2 protein chains.
Amino acid sequence: MAVLERIHLAIIREVEARGSLTAAARQLHLTQSALSHAIAKLEDQIGVKIWRREGRSLEPTQAGAFLLGMANRLLPQFSHAEERLQQFAKGERGTLRIGMECHPCYQWLLKIVAPYLDSWPRVEVDVRQKFQFGGIGALFGYEIDLLVTPDPLYKPGLRFTPVFDYEQVLVVGPDHPLRGADFVLPHQLAEETLITYPVATGRLDIYTQFLTPAGITPRQHKPIETTDIMLLMVGHGRGVAALPRWLVEEYAGKFDVSPVRLGRDGVTKQIFLGLREPDAEIDYVRAFIGLASAYRQPAAASLHAAPTRVRPGKA
Amino acid sequence: MAVLERIHLAIIREVEARGSLTAAARQLHLTQSALSHAIAKLEDQIGVKIWRREGRSLEPTQAGAFLLGMANRLLPQFSHAEERLQQFAKGERGTLRIGMECHPCYQWLLKIVAPYLDSWPRVEVDVRQKFQFGGIGALFGYEIDLLVTPDPLYKPGLRFTPVFDYEQVLVVGPDHPLRGADFVLPHQLAEETLITYPVATGRLDIYTQFLTPAGITPRQHKPIETTDIMLLMVGHGRGVAALPRWLVEEYAGKFDVSPVRLGRDGVTKQIFLGLREPDAEIDYVRAFIGLASAYRQPAAASLHAAPTRVRPGKA
DNA sequence: TAAATCCATGAATTTCATTCACGTTTGGAG
DNA sequence: CTCCAAACGTGAATGAAATTCATGGATTTA
């Protein structure tokens with residue numbers, strides 16, 4: 001009745017990865033013959049070839065490609081499940097797999113994870129940054145358990161909690177005319193070189209909330225991967241960037257850069273923590289969200305340019 | 001090395017469903033002893049009990065609950081894969097699993113599916129309406145291949161195509177004072193009974209796009225499951241409803257109800273067809289979207305209250 | 001053209017899932 | 001309270017199925 005087994009998916013994935021049955025067999029601690037038989041039997045049972053044998057090379061058929069996709073989806077879930085069960089056995093609590101969809105949040109995350117690791121010694125934390133189907137897909141596909149993102153998605157099955165408010169500011173170098181200005185208006189960036197992380201402009205707040213509404217496009221747009229290089233370039237007058245104010249202050253000692261408010265009222269942003277609804281029951285998951293929420297006050301305080309006193313009673 | 005197999009998930013699911021090993025065994029065409037052995041071995045290998053044996057009843061442990069969730073996620077994918085492979089073998093093209101997240105879209109869908117079935121005789125169509133994790137979750141979880149929804153979600157991994165524009169109108173009965181009015185303003189509904197489908201008000205356009213912005217709440221709010229009953233009640237003066245104009249016209253012969261434009265400019269809506277990005281390559285999936293898009297013109301024509309002539313060249 | 005690889009195949013073998021047979025426990029009916 | 005039916009666990013036996021061994025043909029490469 002049930003013909004398709006985990007081993008078949010493993011074989012299909014490994015053959016794709018290694019390019020030959022023999023190599024795949026080695027990897028799976030089986031003989032080449034075993035694989036050949038296993039595949040022959042499967043192909044016989046389902047009535048379709050999985051590979052087109054062209055001389056020595058194997059090319060997946062339509063069915064093969066379909067199974068390959070399935071293997072890549074399901075096999076990680078099996079292995080993660082086994083890890084998880086082993087953790088149950090050892091009395092450990094599990095692994096919290098956190099996905100990041102927000103470049104500069106890494107700094108913030110570290111501040112949350114540090115005390116979390118102390119209070120939950122039996123929980124492993126794993127941070128991932130690249131997802132084939134985006135953060136939401138990773139959440140739905142059980143690749144991660146928590147998602148740090150600026151774009152919440154209120155859909156059945158998922159739950160998002162705001163954990164961090166911050167102000168997005170323009171960053172300028174020491175010799176920049178805007179240095180020390182109260183704020184900057186969109187047209188003042190028309191002749192600038194704007195440095196951003198390498199993502200679509202539709203996902204950059206400086207565009208969606210500041211430049212695009214005003215119909216302004218900067219003279220040049222430079223994508224840079226890392227925050228350090230970005231600030232280094234800004235510090236040497238090679239352009240301006242938009243980053244969270246707290247991050248700029250964080251790096252204040254390292255680079256000679258200054259924040260300038262975006263627009264008269266500033267651009268404010270929120271970071272959310274997303275999870276699958278059923279996981280809201282898990283204590284160590286709740287605890288992480290709780291910790292992140294609790295951290296909100298001090299972080300929010302650093303939102304203000306002037307050293308504002310902490311105001312009590314603010315939600 | 002690999003301990004967790006498909007059969008284990010099947011056992012766990014079946015035990016949960018039937019409540020006992022013996023019953024589960026019958027279902028799986030195995031002896032009770034076989035299950036007992038299989039489970040004992042698994043529990044031994046992973047080092048955790050899956051059920052707490054309390055007398056005669058089995059209660060899942062934490063690990064058991066975890067595996068149960070996994071079983072419910074993965075087993076359907078295995079069986080669907082086998083069906084799909086069988087279809088490949090028979091030369092059939094596959095099954096298009098369409099999810100609906102939009103109550104009144106059923107009528108529209110039928111009009112698309114009918115010609116589709118004719119032009120793709122080797123493709124099966126399956127329409128589903130309930131999803132544990134919402135339509136988006138069903139798409140990501142490979143429960144469905146296409147999603148009909150009013151809420152597109154532009155996220156990596158998914159692709160949405162608008163396939164249908166329509167006007168949302170107020171529906172009133174024969175004796176209603178608003179009957180025949182050019183349009184209705186929010187405050188005119190303050191004393192009405194509003195009949196809607198039973199979903200959160202945040203997902204009802206009449207609230208989000210009409211009442212809520214004006215700060216109006218109707219006197220009473222009645223949730224009704226089916227369109228027929230809804231229109232029946234409206235026809236008998238028990239309240240007013242908000243529905244697509246084309247749907248109202250569809251039912252014009254059956255119930256004595258009339259459409260009234262919502263606000264001076266009307267409330268316009270779009271229906272989208274969502275799919276996983278890799279599936280955009282599949283010809284019969286493309287074809288469905290193509291057919292749905294092509295149907296757009298006639299549908300859009302019926303959007304207008306007055307019998308407008310078809311205007312050529314309109315995107 | 002020889003050597004090296006690679007895959008397929010059939011027979012031999014070994015593993016391991018399943019069954020059989022039986023014992024123990026549990027929960028309910030009388 | 002007792003007895004019985006039903007349920008689960010266990011060990012030995014078994015048999016099906018996966019794996020290996022041995023081998024040959026095909027393809028690539030040196």
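We name chains A, B, ... by the order of the sequence lines, and we start the count at 1 in each one. Worth saying up front: this structure is predicted, and the values here are computed from it rather than measured.
Atoms CG (A:Leu42) and P (D:dA18) sit 11 Å apart, rounded to a whole Å. When the C1' atom of D:dA18 is taken as reference, atom NE2 of A:His29 falls 17 Å away, rounded to whole Å. Rounded to whole Å, the distance from CD1 on B:Ile50 to C1' on D:dC8 is 15 Å. Rounded to an integer number of Å, the gap from A:Glu54 CD to D:dA26 P is 17 Å. Going from atom NZ of A:Lys49 over to atom P of C:dC7 covers 15 Å, rounded to whole Å. Note: CD (B:Glu43) to C1' (D:dT10) measures 14 Å, nearest angstrom. Atom CH2 in A:Trp51 sits about 14 Å away from atom C1' in C:dA8, given to the nearest Å. Distance CZ (B:Arg52) to C1' (D:dG9): 19 Å, rounded to an integer number of Å.
You won't find any donor-acceptor pair under 3.5 Å spanning the side chain of B:Ser36 and the base of D:dT10, going by distance alone.
Checking C:dG10, C:dC20, D:dA17 against every side-chain atom of B:Thr31, the shortest atom distance belongs to C:dC20. The side chain of B:Leu30 lies closest to C:dT18, out of C:dT18, D:dT20, D:dG11. Comparing D:dC21, D:dT19, D:dT10 against the side chain of A:Ala34 picks out D:dT19 as the nearest. Here the nucleotide nearest the side chain of B:Gln32, chosen from D:dC8, D:dT19, C:dC16, is D:dC8. Residue B:Leu58 places its side chain closer to D:dC8 than to any other of C:dT18, C:dA11, D:dC8.
Residues A:Ile289 and A:Leu146 meet the side-chain proximity criterion, which asks for heavy atoms closer than 4.5 Å.
Figure legend: cation-pi geometry between B:Arg73 and B:Tyr142 absent, as NZ or CZ is not positioned both under 6.0 Å from the six-membered ring centre and within 45° of its axis.
In summary, the side chains of A:Arg26 and A:Gln32 do not present any donor paired with an acceptor at a separation below 3.5 Å, with no hydrogens or angles considered.
A ring-ring contact (aromatic ring centres under 6.0 Å, His included) check over residues 50-90 of chain B, counting only residues at least two apart or in different chains, returns nothing.
For B:Arg53, no side-chain nitrogen or oxygen approaches OP1 or OP2 of C:dT26 to under 4.0 Å. B:Lys41 has a side-chain polar atom (N or O) that falls below the 4.0 Å cut-off from OP1 or OP2 of C:dA17.
Every residue two or more places apart in sequence or in another chain was checked for a side-chain hydrogen bond (donor to acceptor under 3.5 Å, both in side chains) with A:Arg122, and none qualifies.
Within 6.0 Å of atom OH in A:Tyr106, 12 or fewer heavy atoms from other residues, nucleotides or ligands are found, so the atom counts as exposed in its surroundings.
Remark: side-chain polar atoms of B:Glu101 are paired, donor with acceptor, to backbone N or O of B:Gly135 under 3.5 angstrom.
Contacts between residues 10-24 of chain A and DNA chain C, defined by a heavy-atom separation below 4.0 Å, involve A:Ser20, A:Leu21, A:Thr22, listed by number.
Comparing B:Arg26 and B:His37, the nucleotide of DNA chain D nearest to each residue sits closer to the 5' end for B:Arg26.
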